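For clarity, every value in this text was computed on a predicted model and none was experimentally measured. Letters A, B, ... mirror the listed sequences (proteins, then strands); counts begin at 1. Side chains are part of it too, since the values below use all heavy atoms of this structure and drop only hydrogens, waters and symmetry mates.
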Number of protein chains: 4
Amino acid sequence: MLKLKVDINCDLGESYGSFKVGSDTQIMKYITSANVACGFHAGDPVTIEQTITTAKKHNVAVGAHPGYPDLMGFGRREMQLTGTEARNYVIYQVSALQGFAKVAGISIQHVKPHGAMYNTALKNEELAKAIAEAVKELNRGLIIFAPRKSAMAKEAAKAGLRVAYEFFADRAYNMDGSLVSRKQFNALIEEPAKVVARAVRAVKENVVEAVNGETVELGEVHTICVHGDTHAAVKLVEVLHKGLTKAGVEVKPVSDFI
Amino acid sequence: MLKLKVDINCDLGESYGSFKVGSDTQIMKYITSANVACGFHAGDPVTIEQTITTAKKHNVAVGAHPGYPDLMGFGRREMQLTGTEARNYVIYQVSALQGFAKVAGISIQHVKPHGAMYNTALKNEELAKAIAEAVKELNRGLIIFAPRKSAMAKEAAKAGLRVAYEFFADRAYNMDGSLVSRKQFNALIEEPAKVVARAVRAVKENVVEAVNGETVELGEVHTICVHGDTHAAVKLVEVLHKGLTKAGVEVKPVSDFI
Amino acid sequence: MLKLKVDINCDLGESYGSFKVGSDTQIMKYITSANVACGFHAGDPVTIEQTITTAKKHNVAVGAHPGYPDLMGFGRREMQLTGTEARNYVIYQVSALQGFAKVAGISIQHVKPHGAMYNTALKNEELAKAIAEAVKELNRGLIIFAPRKSAMAKEAAKAGLRVAYEFFADRAYNMDGSLVSRKQFNALIEEPAKVVARAVRAVKENVVEAVNGETVELGEVHTICVHGDTHAAVKLVEVLHKGLTKAGVEVKPVSDFI
Amino acid sequence: MLKLKVDINCDLGESYGSFKVGSDTQIMKYITSANVACGFHAGDPVTIEQTITTAKKHNVAVGAHPGYPDLMGFGRREMQLTGTEARNYVIYQVSALQGFAKVAGISIQHVKPHGAMYNTALKNEELAKAIAEAVKELNRGLIIFAPRKSAMAKEAAKAGLRVAYEFFADRAYNMDGSLVSRKQFNALIEEPAKVVARAVRAVKENVVEAVNGETVELGEVHTICVHGDTHAAVKLVEVLHKGLTKAGVEVKPVSDFI
């Protein structure tokens, strides 16, 4: 019998020069894929180099995490880009990261848009298409990280790219499979045991319990998104990794199994 | 008998979003190598994409033109970077450009540092070495543009990279082979006939007349640097290209002959 | 009998370091109010200083022209800011400009938001309110430039600020008093005689002919917005200034008459 | 008998958007003057507003802390600016801060250049003069923070500005009164009792023991610079404040006594 597998991904390399954020070295022990900031919303060249070196050392697969050109807003504010702008911003950022990967002797595994670019690409077909085509033109072997029901997943598939379906272990879900907005009081699941149970169920049964108590069909889950910016977050990821393993799920970089 | 050959290079793609500068399309007709700004001192992703597309159309070879992270100062102000910073800034910028070249179906021919990074790398071995090693780690086939007597040329050679020796056709030279500072009244040679004559002599005899009238030994000259930001500049490059051809010198991208 | 008066305003100081744009010195002869970029979408400190000095020399009233923090997009792309962000971005930019005005021995006359910030503030009450309150807290004497029928004009009035109602002489109008989108083929009125006739009519009769031929009620018009970025634009403003004067309208800074 | 007085100053407001750094609220309890980052090397408008509000609440005097336009390098890298650039960069940053102070109902007390701008202004007369003149033109009442033996202090005095002479409690001194470079192993004094003893001696006797054991004449000391970016640093400032008070020195904002 084939063993179930899942990837754990986390945003890393989000420091910018002297502005140090995150607990990258700690979180690297428990994740299998790193989404590395590329310089537009966070991440300067020195930080990128260090992050990739550290990821390589921990056998963590590296992905590009391109964002809007909005350092002041950390790429979390919607900006109305044209398709041409979005496409070229993605080419620029993913390419920059590829150079560091090459120097480190590794390859980039995936691309996951950041913040507002990610959120908008879930619904906006023009943006999703611009991102998918940029990635395809650079390297058809790159995997796109996106929720299964999203414009991003759809456009990536159309472009002939592999898609790793993403599940958010510590976020509450609406009945339609979307995430409960962070502005809501109940957006986050903080109890570790609950996070682990949801993750195991998502991987094994491909469902999650929505905020209204109903069961939401997720489809196959390839990668679980976690946060690593606080001590508690690092602890949670450690617990999650152990919980998945104990439940018989193998935690591996997504490129090993899709 | 082997025909003499020389390359003509020019800084291009120096617009930034709505800030449009340069006469890129005009100048492309007369040059053979374009130094394309990479986003730190000038050049946004949309501009880079357009510049590379235009260069390809005109059979102009493309090079990366990395600079200091100083958009407000156009990379012309000296910044004291560590070797680690310089190395990673060059990897970032050259890599970003490589992605656009790949998407356009071409390869990057060379790397020429911009502005203050260029000037400092002529004398500062640590900076020159950081640049050379960054380029070498990315792609050993890339050619470095630098004057023959410079720390940049020396460190590039040490790193095993090819170097295209550069001559400035419209700039006055000191006796030691350095350029007369732009702050001096006599820094620029503006008369077209004189510029052509100096270029032809530099290519054929490998010498130039210094400001004090003495003859300076240049060594072999592979590429002639020109400016293309004004109508007069474009006209001058046209005259230069024709003058070199008429003098029996073949004007070609430097990768064709070194 | 009271003579009719109108102000002519233009965006100026939009260079950024070595990125030189606009024909500021030429246009200064024909306008009465300058909207000076404050560093977020365009305009570095040296440019601001020069622009204010030139404006003072030409007796052109100076206004702050704050924009979104988007140099790459020239502040023309919508960014979803919170009210707190918008308020503080406006305080920052207007204050910075006030310092240069003080050093030059003049006062700032008005504030006109730039690009996407302007367009969004026409309809979005939260943004308009954030801008109005920022201006009010800095200086209750500042005048806001906005079309009469706009959230911006309404919120400025609520905050107790004076509003100069703005008319766009070279733009086509829809029946509801809004501007025809620049994406439409017929957005711009380019024929000088037509631009002058529309401006004179707007000032004297407070109406404009919409694209469908019907007459749109504008209400009082205090200031006419023009563009000055091309030679043709400068010529048009010269013609407009002369045309208004010939029609018996006095062209003066808006603070002289509202 | 007149009681001895001294000010304690610290760099604050160094966050940038989501990049949160420093322990501003903790340190505010023990300092009397805050050097607030103005947006060039750190500090976005929202951070500035919050920092000024917090300073006002804690009766901490507010100063502008202008830096080089180098966010990636936190203003710590030397950049070769012209006098015109430096002057206008200071006007821009100090003015921006003045607006927030005005909105908060307070006035700015002082100006202290940041990082490389500070270090260079200690020796470079052209830069020091540019800074002093910018401040003078904005507000002759502003106090400049600088070591007594420095080009900055000299040029500020020439410009007619008051200067608060600064002592670094946790830094080792050379025999010539300059600070031991941070690159040296013995640059920092970390033992709290020693820091307090040096500060008390500097205020009372106007001397400090240099690294070679000899006694350096400091001249009058008005303000003591401390760091507040770590938990240990905050603790040290608390101990320093108490130690000075216990030794009979009154800790007050510098504008209260010079």
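Neither the backbone nor the side chain of L97(A) comes within contact range of chain B; no heavy atom of the residue lies under 4.5 Å from a heavy atom of that chain.
In terms of heavy-atom pairs under 4.5 Å with chain A, the best-connected choice from A134(B), G99(B), P69(B) is G99(B). Between chain A and the options I48(B), V90(B), T84(B), V103(B), the largest number of non-hydrogen pairs under 4.5 Å is found for V103(B). Each of E85(A), Q98(A), Q93(A), E137(A) has some count of heavy-atom pairs under 4.5 Å with chain B, and the biggest count is that of E137(A). Note: L138(A) leads D44(A), V94(A), L138(A) in heavy-atom pairs under 4.5 Å with chain B.
At most 12 heavy atoms of other shown residues, nucleotides or ligands fall within 6.0 angstrom of atom NZ in K57(A). Within a 6.0 Å sphere centred on NZ of K149(A), heavy atoms belonging to other residues, nucleotides or ligands number more than 12. Counting heavy-atom neighbours within 6.0 Å of K102(A) NZ, excluding the residue itself, gives a total above 12. Environment of NZ in K20(B): crowded, with over 12 heavy atoms of neighbouring residues, nucleotides or ligands closer than 6.0 Å.
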Exercise. Could you give me the CA-CA distance, side-chain angles and deciding distance for E49(A) and R87(B), then say whether side chain to side chain contact (heavy atoms under 4.5 Å, CB included) is met?
Key: CA-CA 10 Å; E49(A) 196 270 344; R87(B) 179 179 169 276; 4.0 Å; yes
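Taking the six-membered ring where the residue is Trp, F100(B) and Y92(A) present tilted rings, their angle falling between 30° and 60°.
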